[in-house]
Amino acid sequence: MTDVVVAGGGVIGLAVAWRAALTGLSVALVDDAPGDGASRAAAGMLAPVTEAAYGEHQLLALSRASLERWPSFAAELQEASGCPVPLSTAGTLLVGVDADDLVAIGELHAYQRELGLAADRLTPRECRRREPSLSTRIRGGLVVPGDHSVDPRALHAALVVAAAVAGVHTVPARAAELVVQAGRACGVELADGTQLPADTVVLAMGADSSRLPGVPAGAVPVRPVKGQILRLRGAPVLAGTVRALVRGRAVYLVPYGVGWLAVGATVEELGYDARVTAGAVLDLLRDAAEVVPASTELELVETLARFRPGTPDNAPLLGPCVLPGLVLATGHHRNGVLLTPVTADVTATLLATGVLPEVAAPFTAARFSGVTGDLVAPCS
Ligand code: GLY
């Protein structure tokens with residue numbers, strides 16, 4: 001019997017397991033393909049200000065709380081794992097291609113200013129001074145100096161090592177069922193029938209979280225939101241993240257590592273359709289080329305589709321839920337990498353003390369169900 005079983009080995013599950021183990025809890029983590037879900041398709045943007053959206057004040061506050069933690073989180077993770085966690089602090093540029101794109105950027109900027117967020121409008125020349133490879137067709141933009149990025153695959157690799165060093169026992173198997181006894185989550189059953197008993201189960205299976213048998217119907221309202229993303233490689237073309245509106249269509253280009261460029265991403269409500277489509281690849285490459293013409297010189301190394309875990313309000317599900325013994329760390333939608341530090345910290349605190357930190361209080365599943373969960377009455 002362990003104190004905690006974490007179901008899901010993406011960046012969220014691993015970070016929770018790592019931080020929980022550091023509090024002295026015994027932790028097992030179950031995943032047959034750790035990091036091959038949404039984490040695999042992440043671009044690694046840490047960009048709450050450029051992503052600020054009307055009506056998402058609480059998510060913005062959580063995102064900014066997580067962004068603040070990023071530098072120390074990356075440093076601790078690097079120290080613990082001995083692996084690089086490359087954090088880029090070059091800022092984020094948002095540019096537009098036509099007059100309507102500029103109007104949309106102007107509205108976002110007005111909203112950012114209303115909220116007191118740091119962002120500055122730039123002329124086309126100023127945009128190109130920051131990123132000389134931008135097309136001369138760019139009509140203007142804005143810069144958000146505090147929106148950063150991290151290499152998402154380096155992050156995952158470091159978390160694997162840090163979790164192991166902290167004593168997390170990783171079980172390379174598929175979580176087939178949540179074990180529920182006397183109305184309480186008591187462990188996870190694997191595909192071969194083996195049971196991993198635990199006092200508490202953390203559900204961090206991304207878009208699959210609601211599909212794990214044993215999870216009460218409606219308790220974890222996540223749906224798959226398909227994203228297709230490309231990875232290019234060659235001579236570096238950008239210093240920092242460039243997001244763009246290309247006649248109303250959003251595209252982002254995120255440099256990382258040595259000469260890598262992530263180009264994403266579609267946002268598609270198509271259920272679990274995992275196909276990479278010609279149309280999506282065409283749109284992404286065409287839009288990327290319109291913003292950074294030199295991107296056409298790069299090698300197209302990878303195309304992939306994965307599922308973001310979307311919730312009804314696009315914010316994550318954190319903390320206890322209607323089923324005692326089950327803790328949620330899922331539903332991170334477009335913000336899994338950004339929200340990794342805060343999710344790991346609040347979940348580890350909850351597991352160690354029974355108290356969910358205030359910053360996470362608005363994000364329990366009770367906002368949808370009206371039922372406040374608890375962790376009491378441990379498994380016997
Ligand atoms: N975080 C970017 C995306 O989900 O496409």
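Scope of the values below: all heavy atoms of this structure, side chains included, with no hydrogens, waters or symmetry mates. Both ligands and their constituent atoms are indexed starting at 1 by order of listing.
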What pairs with E268 under side chain to side chain donor-acceptor pair (under 3.5 Å), at least two apart in sequence or on another chain?
Q228, T266

Checking V291 against I138 for the side-chain contact (heavy atoms from CB on, under 4.5 Å) test, could you report, in this order, the C-alpha distance in whole Å, the side-chain angles of both residues, the deciding distance, and whether it holds?
CA-CA 7 Å; V291 177; I138 294 303; 4.3 Å; yes

Between V263, D287, I229, L284, which is the residue that forms a side chain to side chain contact (heavy atoms under 4.5 Å, CB included) with Y252?
I229

So, the side chain of R184 versus the backbone of D199: is there a donor-acceptor pair under 3.5 Å, distance only?
yes

Between R19 and T349, is there a donor-acceptor pair closer than 3.5 Å when you use the side chain of the first and the backbone of the second?
no

Pocket residues of ligand 1, ordered first by chain and then by residue number (heavy-atom cut-off under 4.0 Å)
M45, Y252, A265, R308, R334

Hey, does the side chain of S149 reach the backbone of L46 with a donor-acceptor pair shorter than 3.5 angstrom?
no

